[in-house]
Amino acid sequence: MGLRLYNTLSGKVEDFHPLDGNHVRMYACGPTVYDYGHIGNFRTFIAVDLLYRFLHQSGYNVRYVMNITDVDDKIIRNSARDGVNVQQYTGKFAQAFLEDSATLNIEQPNLVRATEHIQAMADFIAELAKKGFAYRTDDGSYYFRIAKFPEYGKLSKKDFAGMTDGARVDVDEYEKDSARDFALWKAAKPGEASWETSIGRGRPGWHIECSVMSMEQFGPSFDLHAGGEDLIFPHHENEIAQSEALTGKQFARFWFHVRFLLVEGQKMSKSLGNFFTVRDLVLRGHKPSSIRWLLTQVPYRSQLNFTFDGLKAAASSVEKLRHFDFRLSTPFPAGANPEMVQLAAETTARVKRALDDDLNTAEAQGAIFDMLWKVNTTIDAGQVFQDDIRPLRDALRTFDEIFDVLKDDDKDKMKTILDWARADGRENEISPALIEIAGSDQLTDEQVDQKVRAMEAARKARHFKTSDALRAELTNASIIVENTKDGVRWKRKSYKASIRPLCPVAIKLNQWEVHAPDHDTWGIVSCDSCKDKFALGPNRIYGSHTTPEDAVKELEDLLKADHQHGRPHADSYELKG
Ligand code: AMP
Ligand code: ZN
């Protein structure tokens with residue numbers, strides 16, 4: 001079976017075949033770079049990333065283009081407000097988009113930018129005007145005449161019969177039932193960014209860029225056009241009208257729309273203020289791999305409700321997969337178990353079947369976890385052998401070519417965001433959990449795996465000096481290595497510690513379970529007046545020159561000062577050290 005996809009245009013799940021043999025041309029509407037993207041935006045971008053990867057894995061040669069909207073109403077307004085030009089304003093957020101995409105392992109599409117196509121848009125509009133599909137108003141703006149395009153509404157399934165010819169709307173985003181001529185070109189206004197072109201001075205409306213840039217890349221017709229569900233109307237309806245009016249040919253054949261990410265039942269959006277960016281979540285100590293996994297768990301055509309419990313569960317799933325991968329890398333006795341080889345083949349087939357079925361990611365993940373459970377119990381029973389490992393690992397790798405969470409590079413990515421937060425004046429948002437993961441020299445799972453493997457190899461080769469040294473290194477890093485009858489396993493030592501590190505400097509006594517191998521307390525400072533207790537921690541939270549005595553003294557003074565001024569104690573104190 002080949003790929004079947006839901007096509008918004010036909011309202012049906014259809015067999016997917018590209019127009020041109022093996023060659024797929026797909027276009028996705030990218031971000032409007034007026035701010036940091038939120039994880040709702042990234043739900044859409046990750047869904048398209050999965051589609052792209054799966055097409056590629058299925059043997060297609062895919063050309064994937066995404067636009068960056070670097071001029072629109074909001075950008076014009078914000079750049080004018082900040083007194084900078086459009087490019088200065090959007091540069092930072094376009095860069096942030098690329099960084100956040102990389103953080104989430106989104107493969108980079110071929111990017112095209114609206115501001116680099118202004119004259120091409122003007123030419124396109126002039127052609128539309130020549131054919132009678134566009135008209136110019138007195139101020140020099142241009143509108144699309146929807147009465148001249150009877151198929152208007154075919155994507156969004158809206159019936160616009162009886163609309164008033166000539167009624168206009170000049171904002172980029174408008175009500176869902178608005179059957180009005182939309183702006184293709186807005187004449188220059190004082191104080192707003194504008195460009196000099198063959199149709200006059202002004203700036204493009206939002207919709208024209210995607211028609212112009214996709215057709216520049218692909219010609220009049222191409223295979224697939226993607227975006228979030230909110231783009232169906234008016235954005236994509238308008239793209240179809242502009243493009244098909246100009247060429248008389250079908251524009252995109254498949255329309256792929258991703259349902260919204262919700263927060264407590266409401267759509268996640270900037271305007272509702274209920275959004276999280278990738279950086280917000282990392283600052284709270286969540287790993288990029290957990291975010292990626294969470295956003296792929298629900299198939300793209302169902303709404304996904306964001307919760308922190310869901311994010312924690314995603315972290316644990318990724319952890320299980322990584323540990324499973326590690327387990328398969330340890331030595332096994334010679335031999336083969338035909339059941340395991342068959343399980344690997346079946347799993348790969350099941351993952352493919354699931355993804356072929358309109359990208360059913362939940363079913364694909366279910367298949368890989370079924371394999372994980374079965375293999376783990378079979379390993380426990382001593383029935384997995386050397387020759388089973390290759391097919392099992394291949395099945396896991398094939399799955400990971402799409403989902404991409406096995407590689408453990410979370411810590412480095414989190415460190416980058418930690419450094420960014422410090423440089424960007426967002427220290428107060430850095431959580432203890434982030435410091436714990438990214439601010440320490442803790443070994444990553446991958447590094448531990450490598451050292452454990454090296455230790456085993458050294459032991460087998462009877463290089464005991466090397467294996468002892470590696471074991472000591474692991475012990476120092478609070479890794480417990482166990483030799484079980486099924487081979488070597490490791491886990492991290494975790495402490496039931498009564499301290500909670502508070503960024504940046506003080507540690508308040510609190511009953512939290514923390515993984516804090518190097519958080520030995522220096523001492524506990526009690527407030528004389530209220531008996532509140534504060535624990536003071538290791539020197540990596542202070543400057544290395546700070547002595548415990550100095551820190552204790554300073555904290556005592558601060559606590560006293562609070563009482564003298566009648567203030568409650570703060571949650572954390574900046575100590576000078
Ligand atoms: P924008 O930056 O607003 O142009 O949006 C970029 C992409 O994110 C578009 O494809 C939107 O449809 C999509 N998008 C916006 N909000 C959400 C959401 N809550 N869930 C999923 N996709 C979204
Ligand atoms: Zn678009």
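The chain is numbered in sequence order, starting from 1. Order of appearance sets the numbers: ligands from 1, and atoms from 1 within every ligand. These values consider heavy atoms only, across backbone and side chains, with no hydrogens, waters or symmetry-generated copies.
- Put simply, the side chain of Thr361 gets close to the backbone of Thr296: a donor and an acceptor are under 3.5 Å apart.
- Listed here is the closest heavy atom pair of Tyr36 and Phe93: N-CD2, 3.6 Å.
- Not a single heavy atom of Gly37 sits under 4.0 Å from any atom of ligand 1.
- Side-chain polar atoms of Thr277 and His38 form no donor-acceptor pair below 3.5 angstrom.
- Residue contacts with ligand 1 leave out Lys270, since none of its heavy atoms falls under 4.0 Å from the ligand.
- For Leu9 against Gln250, the heavy-atom pair with the smallest separation is CD2-NE2, 3.5 Å.
- Interatomic distance, Tyr152 OH to Phe182 CZ, rounded to the nearest 0.5 Å: 5.5 Å.
- Shortest contact from atom 10 (O) of ligand 1 to any protein heavy atom: Gly228 N, 2.9 Å.
- Val298 approaches Arg43 most closely through the heavy-atom pair O-NH2, 3.1 Å.
- Within the 2.8 Å limit, His235 places at least one N, O or S atom next to the Zn ion (ligand 2).
- Remark: Phe306 pairs with Phe276, Phe308 by the ring-ring contact (aromatic ring centres under 6.0 Å, His included) rule, at least two apart or across chains.
- With respect to atom 12 (O) of ligand 1, the closest heavy atom belonging to the protein is Asp230 OD1, 2.4 Å.
- The closest protein non-hydrogen atom to atom 4 (O) of ligand 1 is Thr32 OG1, 2.8 Å.
- Note on Cys210: counted as a metal contact of the Zn ion (ligand 2), an N/O/S atom lying under 2.8 Å.
- When only non-hydrogen protein atoms are considered, atom 14 (N) of ligand 1 lies nearest to Asn41 ND2, 3.5 Å.
- Residues forming a ring-ring contact (aromatic ring centres under 6.0 Å, His included) with Phe218 (at least two apart in sequence, or on another chain): Phe222.
- Contact annotation: Thr69 has no heavy atom less than 4.0 Å from any atom of ligand 1.
- Annotation: atom 21 (C) of ligand 1 to nearest protein heavy atom, Gly40 O, 2.9 Å.
- Of the N and O atoms on the side chains of Asn67 and Glu209, at least one donor lies less than 3.5 Å from an acceptor on the other residue.
- Protein heavy atom in closest approach to atom 23 (C) of ligand 1: Phe260 CE1, 3.3 Å.
- At the top of the distance list for atom 20 (N) of ligand 1, counting protein heavy atoms only, stands Leu261 N, 2.8 Å.
- Among all non-hydrogen protein atoms, the one lying nearest atom 22 (N) of ligand 1 is Thr44 OG1, 2.7 Å.
- Contact analysis puts Phe45 in contact with ligand 1, with a non-hydrogen atom separation below 4.0 angstrom.
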